[in-house]
Amino acid sequence: MENLIEINNLTFSRSGRIIYDDISLKIKKGKTTAIMGPSGIGKTTMLRLIGGQLVPDKGDIVFKGESIPGMRRNRLFEVRRQMSMLFQSGALFTDMSVFDNIAFPLREHTKLPESVIHTVVMLKLQAVGLRGAAELMPAELSGGMARRAALARAIALDPELIMYDEPFGGQDPISMGVLVKLIKALNDALQLTSVVVTHDVTEVLTIADYIYILAEQRVIGSGTPEQIKNSDSPLVQQFLQGQADGPVPFHYPATSTDEAFLGRTS
Amino acid sequence: MLFGAIIAKPQPLKLIPLTIKQIHVVGVQSLLIVVVSGLFIGMVMALQGYTILVSYGAEGSLGPMVALSLLRELGPVVTALLFAGRAGSALTAEIGLMKATEQLSSLEMMAVDPLRRIIAPRLWAGIISMPMLALIFSAVGILGGHLVGVDWLGVDSGSYWSIMQSTVDWNKDVVNGIIKTIVFAFVITWIATFKGYDSVPTSEGISKATTETVVFSSLAVLGLDFILTALMFGIE
């Protein structure tokens, strides 16, 4: 199966701290790939690198055979029309209604008449179950509704790739179930390629076709959900089981307890 | 960033409607404070000016005194300071919040340049609005001066207007005042939009950026006012 994205020997650092050290990933076309890992590992940074908002120190990110870091600005903007991103906060434009938010990319990048845009927007809202909320402002939406509206905007131009940045974060069980269903349904119905960045293990194991687990600046585990569940890596198992202590220690590095509480040096 | 915002390949069809909307936000919504401030400053100037001029028997010169002070200095400078405090801080806060809520990032990922979509309309709106606000400030200030000087203190109305008309020079006073305002508008709006775009996307970062916009803009206006005044009206 063809790879839509190939990340080859990527090294990226920020403020002197190495985020990724010579990692390689492949995102298969038409599949849902999950990128998981502990908080603060740089999962969102990976999406920004794929989208060309950040430039790697070394290595390459190839999208449909073209190098993202090597692209000129105009070409990068053209390529971005083939991808979209669902941000953690939704990132709806607060001065526009839900309808105008979803119509925005259509008005910016197409010459469709308003009547057609209206139909397209309503179809996208219907797909996410928010057709009745078209005239609401983002401030009037619940967190789950805002995320669904942002999802409708993300699919407005029928992109080839959708990147989801922590789509389940802060959601109640019902909203989470709705989002899981939508991600899977849209991926299948629209023949999309999805990249889901999350640390919600239970949810992502139900929808992902392939999983990468990142930790300690590298890929510590990869495979299908079954392969990941059966992984013999202690780090992978600590992450999947949610164990408080293990290869990722509970205690942040500090001086010994004798020194801290009794003033004794060893 | 400045080049990207205002020079690189402008798109008039998209820029003009956005700019008009921003002119309403930064210009029209600043009218109240500009008009009220202009009125009171004109009134105070007339009051203060009269007390000095009357001792020399020159109260007839109240009109040109008020008009020249407003057109050359107070109109551009006070309008700029009010604009920095009201519209400049609002611009910084708005853009900073857009950055904090990832709206700017989402624009980039939708292949829309945030410099052209967000920054450029606000920059042009400031440059267009401020000279008009300064002229309104000066006009209302002159009327305020008339209210106090003529209606209250009894200066002859004919003297007030006729000596003003013969003293105020279009190029030297009015145009120079407009030039000052355009320079101030560019500097204030540029500082405001840059501070918002460059702010740390946290509540503390936006608060700091907003404060810096007002302080830096105000100092820049006062410094540039001295330089421009020296160039325009310097000792010959």
Side-chain angles (χ1 to χ4, degrees), chain A residues 15 44-45 47-54 68 71 73-96 100-111 138-139 143 146-147 149-151 153-157 159 161-166 195, chain B residues 1 3-5 7-26 28-29 87 90-122 125 196-198 200-203 205-206:
Chain A
S15 303
T44 303
T45 303
L47 298 184
R48 292 190 188 276
L49 283 162
I50 294 171
Q53 289 183 303
L54 297 171
I68 296 279
M71 276 182 196
R73 190 173 167 80
N74 285 347
R75 179 61 190 148
L76 180 61
F77 271 60
E78 283 174 19
V79 166
R80 279 184 181 159
R81 295 184 201 186
Q82 301 170 53
M83 34 168 107
S84 67
M85 187 155 156
L86 178 62
F87 288 83
Q88 193 169 354
S89 61
L92 293 172
F93 303 129
T94 48
D95 59 336
M96 295 180 193
D100 288 328
N101 262 279
I102 292 146
F104 179 83
L106 295 165
R107 288 174 178 149
E108 283 293 316
H109 297 306
T110 71
K111 292 182 169 57
R147 212 158 284 189
L151 179 54
R153 187 179 67 180
I155 60 169
L157 290 176
L161 168 72
I162 295 190
M163 296 179 279
Y164 299 87
D165 184 9
E166 303 276 6
V195 179
Chain B
M1 184 185 148
F3 179 83
I7 297 172
K9 268 198 195 168
Q11 298 169 316
L13 282 178
K14 289 180 182 167
L15 182 62
I16 290 170
L18 293 170
T19 305
I20 290 171
K21 185 182 171 193
Q22 289 305 315
I23 287 172
H24 174 78
V25 172
V26 304
V28 173
Q29 292 183 0
L91 278 176
T92 302
E94 184 190 14
I95 295 171
L97 276 170
M98 291 182 82
K99 187 175 179 182
T101 53
E102 298 180 299
Q103 291 179 55
L104 296 182
S105 290
S106 74
L107 278 172
E108 284 182 4
M109 285 308 300
M110 279 190 267
V112 174
D113 188 351
L115 291 180
R116 285 193 209 147
R117 175 80 190 181
I118 302 296
I119 307 297
R122 284 157 176 79
Y197 198 77
D198 198 51
V200 175
T202 61
S203 50
I206 293 167

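Note on naming: letters A, B, ... go to the chains in the order of the sequence lines (proteins, then strands), and numbering restarts at 1 for each one.
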Nearest 0.5 Å, please: how far is [atom2] in [Y] from [atom1] in [X]?
X: A:T94; Y: B:M98; atom1: OG1; atom2: CE; value: 6.5 Å
X: A:L47; Y: B:M109; atom1: CG; atom2: CE; value: 8.5 Å
X: A:Q53; Y: B:L104; atom1: CD; atom2: CG; value: 10.0 Å
X: B:S106; Y: A:R153; atom1: OG; atom2: CZ; value: 4.5 Å
X: B:Q103; Y: A:M96; atom1: CD; atom2: CE; value: 9.0 Å

**Q.** B:V112 side chain near A:F77 side chain, heavy-atom distance below 4.5 Å
**A.**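 Counting from C-beta outward, B:V112 and A:F77 never come under 4.5 Å.
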Q.
Could you check whether any side-chain heavy atom of B:M110 comes within less than 4.5 Å of a side-chain heavy atom of A:M85, counting everything from C-beta outward?
A.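 Result no, sub-4.5 Å side-chain heavy-atom pair not found.
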Q: For A:F93 and B:L107, run side-chain contact (heavy atoms from CB on, under 4.5 Å): C-alpha distance rounded to whole Å, both residues' side-chain angles, the deciding distance at 0.1 Å, then the answer.
A: CA-CA 9 Å; A:F93 303 129; B:L107 278 172; 3.5 Å; yes
Q. Is the backbone of B:E108 close enough, under 3.5 Å, to the side chain of A:R80 for a donor and an acceptor to pair up by distance?
A.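 Here the side-chain-to-backbone pair exists.
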Q) Does a side-chain N-to-carboxylate-O contact under 4.0 Å join A:R48 and B:E102? A)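 Between B:E102 and A:R48 there is a salt bridge, with a charged N closer than 4.0 Å to a carboxylate O.
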Q: Could you look at A:L92 and say if it's the side chain, the backbone, both or neither that has a heavy atom under 4.5 Å from chain B?
A: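 The backbone, not the side chain.
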